[in-house]
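Numbering of ligands and ligand atoms starts at 1, following listing order. Positions are given from 1 along the sequence.
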Amino acid sequence: MLRISEPGIGEEFRPPAPRPQDRRLGLLSLLATLRRNPLECWSAEYFREPIARVRLPFTTAHLVHDPAAIRHVLVDNAGNYRKDPIQRRILATGLGDGLLSVEGERWDVQRRTLAPLFARRTVASFTASMLAAADRLAERWRTLGAESTVDMVAEMTLITLNVLALTIFSDGIARDYDEFRTAMNGYFAVIGRIGALDLLGVPPSVPRPGQGRLRRTMAYFEGIIEEIIEARRTRLASQPSGDGPSDLLTLLLRALDPSTGRAMSFAEVRSNILTFLSAGHETTANTLAWSIFLLSQSADWRARVREEAERELDGPVEGLADRLAVTRAVVEETLRLYPPIAALSRMAERADTLGDVEVKARSLIVIAPYVLHRHRALWERPDVFDPSRFLPEARGAIPRYTYLPFGTGPRTCIGAAFALQEATIVLAVLTRRFDIALLPDVKVWPLQRITLRPSDGLPMRVTSRGRGR
Ligand code: HEM
């Protein structure tokens, strides 16, 4: 494992990442490495080749990192490439009726209905809530005492949950917040657990160990969410249509399919609330934690973010995220180096061709943003931290389909603008108000679980730089 020390002026910083395997792994070591850390499975060949084929016991996988082929799979012929059964099984728990999991006509209707909730203007209207959550965290850190140590991953998980709670349920959750958070943490700790039985394709009807406890944990949190929705629904029913708290829950309960005028069912509203909480918290939390770590290793970019934050944060709330161009470039470079969703997978429904590669029906397609973003043929100095790639004057030169932290095509992340805005604002506020340093001799290593996160958290020392946002 790498021990970090800050690079000197002019030195290039290569953030910690596994060295690609010299050769492809054999089946047994592939399985063992997948279990330990899937990020360590990739061999050097995949970072050079546009498309590589891997034979697995029951299927063939195509690892696709060629921009034209990616466009074919995720955009032009997306109808032929569905989310694969393993992904669906992970998602089916609890989130089954939500946008992330539904397919076909149901997905079409939901995506149309939900689009306005994440439109640019709606997301911009959440700026004040995002600032409020960042300020609240900063206040807590300020009272911790000089040179306190925090686990940055846990802190960022907390703030992203707070931002979601404020933007989904702006008027509160009608019960003790700590109880809500504990129930929510329990829920997310169990829903994504994927066992060996799933990887081997054992049908869902076969009982899994610990399933009873898992179901109870889920049912408890789902019950809380149902209570909150029911209370809001009753309240909105008694108010004229323009009234009511302006948050995602009101928007969701009032959302209508533009083609049919139909509202969502109770189960769909519930599943989508759970989906937003689930898809939106760990992804954004890890983006923020990695950004803070990367800035802690680069005095130059830290100074640039701080200078921008000092200039812009006291200005008008309107358009704030757009004015934080340097901070946003740091966030985007973080998403390049450590994409929270490190790999996407699809299954071909019918046979197809990708360039001159034949794809059989039912074969697996893997598009790994982690590999794509460090591909030798697509990026210069791919392993070097250099946010200037994403500054406004340079960003337009990045070819399409080479940078996909949010996926692309019809199933692209609906929350991308929300997440980018949140991460940019929170990073600016915290960098302005605190000196944040990694503890000496800490091991930092990326681990791929459901998202890509630091393997042992990020113990960091925070020191207040005085008052003000
Ligand atoms: C940095 C933060 C985030 C990252 C990196 C991220 C990444 C992604 C990716 C890669 C996908 C596409 C998966 C695929 O094609 O298989 C996706 C889908 C999705 N994301 Fe995000 N996401 C983030 C934040 C959010 C937030 C904040 C929300 C909502 C509040 C959200 C809601 C969703 C939903 C609902 C989908 C499914 C869209 C569909 O299938 O139509 N995400 N996300």
Give the atoms of ligand 1, by number and element, whose distance to some non-hydrogen atom of [X] is under 4.0 Å.
{"X": "L344", "value": "10 (C), 13 (C), 14 (C), 16 (O)"}
{"X": "T412", "value": "38 (C)"}
{"X": "F418", "value": "27 (C)"}
{"X": "T287", "value": "1 (C)"}
{"X": "G407", "value": "10 (C)"}
{"X": "P405", "value": "5 (C), 7 (C), 10 (C)"}
{"X": "I414", "value": "34 (C), 35 (C)"}

Considering both backbone and side-chain atoms of [X], is one of its nitrogen or oxygen atoms within less than 3.5 Å of a nitrogen or oxygen in ligand 1?
{"X": "W107", "value": "yes"}
{"X": "R411", "value": "yes"}
{"X": "R346", "value": "yes"}

Salt-bridge test for E103 and R411: reply yes if a basic N is under 4.0 Å from a carboxylate O, no otherwise.
-> yes

Ion pair R136/E139, N-O distance below 4.0 Å = no

Indicate, with yes or no, if the rings of F118 and F276 have centres closer together than 6.0 Å.
-> yes

Could you tell me whether F180 and F221 have their ring centroids closer than 6.0 angstrom?
->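 Yes: the rings meet the under 6.0 Å criterion.
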
Relative to atom 42 (N) of ligand 1, which among C413, P340, P410 owns the nearest non-hydrogen atom?
->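 The option holding the nearest heavy atom is C413.
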
Just go through G280, A342, A78, S278 and tell me whose heavy atom is the nearest to atom 26 (C) of ligand 1.
->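 The residue whose heavy atom sits nearest atom 26 (C) of ligand 1 is G280.
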
Think R389 forms a cation-pi with W379, using NZ or CZ under 6.0 Å from the six-ring centre and within 45 degrees of its axis?
-> no

Show the atom names and distances, to 0.1 Å, of all donor-acceptor pairs under 3.5 Å that link a side chain in residues 415-426 to residues at least two apart or in another chain.
from	atom 1	to	atom 2	distance (Å)
Q421	NE2	V123	O	2.9
Q421	NE2	T127	OG1	3.2
T424	OG1	L420	O	2.6

Is a side-chain donor-acceptor pair under 3.5 Å present for T33 with E40?
-> no

Across all chains, not counting sequence neighbours, the side chain to side chain donor-acceptor pair (under 3.5 Å) partners of T260 are D257

